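First the structure, in the form of structure tokens, and then the observations on it.
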Amino acid sequence: MDVVSTSAMLSQVVFLLHFVTLTLGQYDICKSLVSMDNGQTWEFYACQPKPTAMKEFMQITVDPPGITCGNPPERFCTLENPYLCSDECDASNLDLAHPPQLMQDRESTGLITYWQTVTWSRFPEPLLANISLAWNKSLELTNDIQVTFEYGRPTIMVLDKSLDKGRTWQPYQFYADDCMDAFGMPAKRVQDLSATNVTRVICTEQYSRWVGSKNEKVLRFEVMARFVIFAGPKLLNMTSLYTRMESMKGLRDFFTFTNLRLRLLRPALGGTYVQRDNLLKYFYAISNIDVPARCKCNLHAGQCTFREGSLQCDCEHNTTGQDCSRCERGFKAKSWKPGSYLPTPNGSPNTCEAAGTLGNCECYGHSNRCSYIDFINIVTCVSCKHNTRGQNCQHCRLGYFRNISAELDDDNVCIECNCNQLGSIHSRCNETGYCQCRDGSTGPKCEDCLPGYSWRQGCSPNVCDDDMLLCQNGGTCFQNQKCLCLPEYKGLLCEQLLCEGERGCSGASASYLSLVAMLSCLLANALLRLVTAC
Ligand SMILES: *[C@@H]1O[C@H](CO)[C@@H](O)[C@H](O)[C@H]1NC(C)=O
Ligand SMILES: *[C@@H]1O[C@H](CO)[C@@H](O)[C@H](O)[C@H]1NC(C)=O
Ligand SMILES: *[C@@H]1O[C@H](CO)[C@@H](O)[C@H](O)[C@H]1NC(C)=O
Ligand SMILES: *[C@@H]1O[C@H](CO)[C@@H](O)[C@H](O)[C@H]1NC(C)=O
Ligand SMILES: *[C@@H]1O[C@H](CO)[C@@H](O)[C@H](O)[C@H]1NC(C)=O
Ligand SMILES: *[C@@H]1O[C@H](CO)[C@@H](O)[C@H](O)[C@H]1NC(C)=O
Ligand SMILES: *[C@@H]1O[C@H](CO)[C@@H](O)[C@H](O)[C@H]1NC(C)=O
Ligand SMILES: [Ca+2]
């Protein structure tokens, strides 16, 4: 950084600020005031919010309904004390209830509190439960997810994640006491992974084996062990991690999520088999779920706050949106970009630029260049992208129409008309995307035919059809193009007899006809003779 100090005091401030930056860790501040030759100026850095205990903000849902114990009240025992089934779960009694929120409470009294399910009294029907955790915000894991199970960890479980607020899900990690048996996957540990396959979804047996329920209560999704692959055993080389985050496809997304889901598929057994005569000792109980993460703000915010029911980035660099994933209004001179961890140590802020910096010409983010046209004295945007045109890139190019659900600065603002070439007069359409159709064609894109027309390189009038233009005398209509007539008939609709008034016909009916013709000739001749005779 080229900081040229003008006064000793200011450089002291600057020094302190940088010192603070170092002690807080990397990417903690978004900007600082630095002194230059010509006064003070803001310098901007890539920044991200601090890691937070995200369990405070999660919305928990458990499925199926009725999976939480206590309604009706139920007795249970534990794997360690299988014959002392005197414990009770009762949803209507505060001291004996085990509702889902006990997975995220702070346990300030020192007492372990936990969510508990009904017992496996319906064995051999499986005991299944889903725990869905929603934040309505993109988050990035900064440390291991830890789920604390009381009375034993499940012997089969899947951790799923969603990146799109629960619309689509993907498995994050599989857990089983026998991975091959449960999922047909070989057992792996994160320690087996290397830089090239760190984002592989694995099945681990590390957290499902029975070791007594008091010894090992925690099930992890290992984040630190994955960071260590890049940053070294004590995370001393974070530069290396951040460089990889930037360059390795899918690595940042691997640690990103908006929702998590624990699918509990089989509880702890405390042995190899399920004891049918004592099913009251099988259930799930979770006392805590730790999710250490930070808000994903695309390196444009140093803070994230809980507002209007969800976490939101406090966006800097003139960006906006829940994840700072757009440029603010009036700052769309360039297309939006996330900040970058590189070059270290401060990264690149990739700030959104005020439209004003281009000579007061707003291009709605569709062009980075303006040009001054001297003789008409206007500034105009050059090479509008995203199929826009106009002085401010505010119109759609010919052949495109305005997407009403998109803002003017949206990349998707212009939609291709997509007029059918054969059915329409030209490639332009009106404001609602309707094309201008040739005779006989119809539909928004002119790809359909009106009644009485059919598609043959565009719509052409039917020669025959099943309604108005019926083929006659037993003829059949071939692809609306022509009637296939019986041998005796001809004409567009087979309406004419083939041999009427003609000679040279063959077949029975034809010879009958020629007989008639011959007779009439004879008659005519006879008449002729009569006349001559007169
Ligand atoms: C858990 O979620 C999965 C995926 O949506 C679903 O198939 C399954 O039926 C759910 N299980 C329970 C017990 O609700
Ligand atoms: C999720 O967050 C968005 C953006 O802040 C907000 O508009 C929406 O209402 C939130 N939805 C819920 C269910 O909280
Ligand atoms: C990951 O790659 C390493 C070597 O690069 C290999 O030993 C290991 O088996 C791989 N892990 C998985 C899960 O494929
Ligand atoms: C950090 O890792 C990178 C490569 O990943 C390496 O080039 C650099 O020398 C390492 N720095 C330290 C201080 O170990
Ligand atoms: C953002 O815009 C404000 C004016 O609204 C300006 O003072 C500030 O310096 C801008 N920040 C960045 C990072 O461009
Ligand atoms: C219209 O704009 C919205 C908002 O950007 C976008 O989601 C949608 O895909 C666009 N529609 C088309 C047809 O491009
Ligand atoms: C576009 O054309 C269609 C069909 O001709 C018509 O219904 C629609 O009102 C037109 N829209 C506009 C904005 O003119
Ligand atoms: Ca608890």
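In listed order, ligands and their atoms are each counted from 1. For the numbers below, each heavy atom of this structure counts, side chains included, while hydrogens, waters and symmetry mates do not. Because the structure is predicted, anything quoted here is derived from the model rather than measured. For this chain, numbers begin at 1 and follow the sequence in order.
Nearest protein neighbour of atom 2 (O) of ligand 2, counting heavy atoms only, is Asn136 ND2, 2.4 Å. When only non-hydrogen protein atoms are considered, atom 6 (C) of ligand 7 lies nearest to Asn430 ND2, 4.2 Å. Regarding atom 4 (C) of ligand 7, its nearest protein heavy-atom neighbour is Tyr434 CD2, 3.5 Å. The single protein non-hydrogen atom nearest to atom 13 (C) of ligand 7 is Glu431 CB, 4.0 Å, given as residue, atom name and distance.
Thr305 and Asp314 are linked by a side-chain donor-acceptor pair at a separation below 3.5 angstrom, with hydrogens and angles left out of the test. With hydrogens and angles left out, the side-chain atoms of Arg263 and Asn130 include no donor and acceptor closer than 3.5 Å. With no hydrogens or angles considered, a side-chain donor-acceptor pair links Tyr151 and Tyr114 at under 3.5 Å. Asn420 and Ser424 share no donor-acceptor pair across their side chains, judged by distance under 3.5 Å alone.
For the pair Lys31 and Glu316, the salt-bridge criterion is met [side-chain N within less than 4.0 Å of a carboxylate O].
Two residues are said to be in side-chain contact when any heavy atoms from C-beta on lie closer than 4.5 Å; Lys445 and Cys419 fail this criterion.
Close approach of ligand 1 to Asp63 (heavy-atom distance below 4.0 Å) involves ligand atoms 14 (O). Of all atoms in ligand 2, listed by their number and element, those nearer than 4.0 Å to a heavy atom of Ser310 are 1 (C), 2 (O), 10 (C), 14 (O).
Of the N or O atoms in Thr432, one or more lie within a sub-3.5 Å distance of an N or O in ligand 7.
Per the SG-SG cut-off, Cys313 and Cys295 are not bridged by a disulfide [distance not under 2.5 Å].
Shown here, atom 9 (O) of ligand 2 is out of close reach of the protein: none of its heavy atoms lies under 4.0 Å off.
Using a 4.0 Å cut-off between heavy atoms, Lys137 makes no contact with ligand 2 at all.
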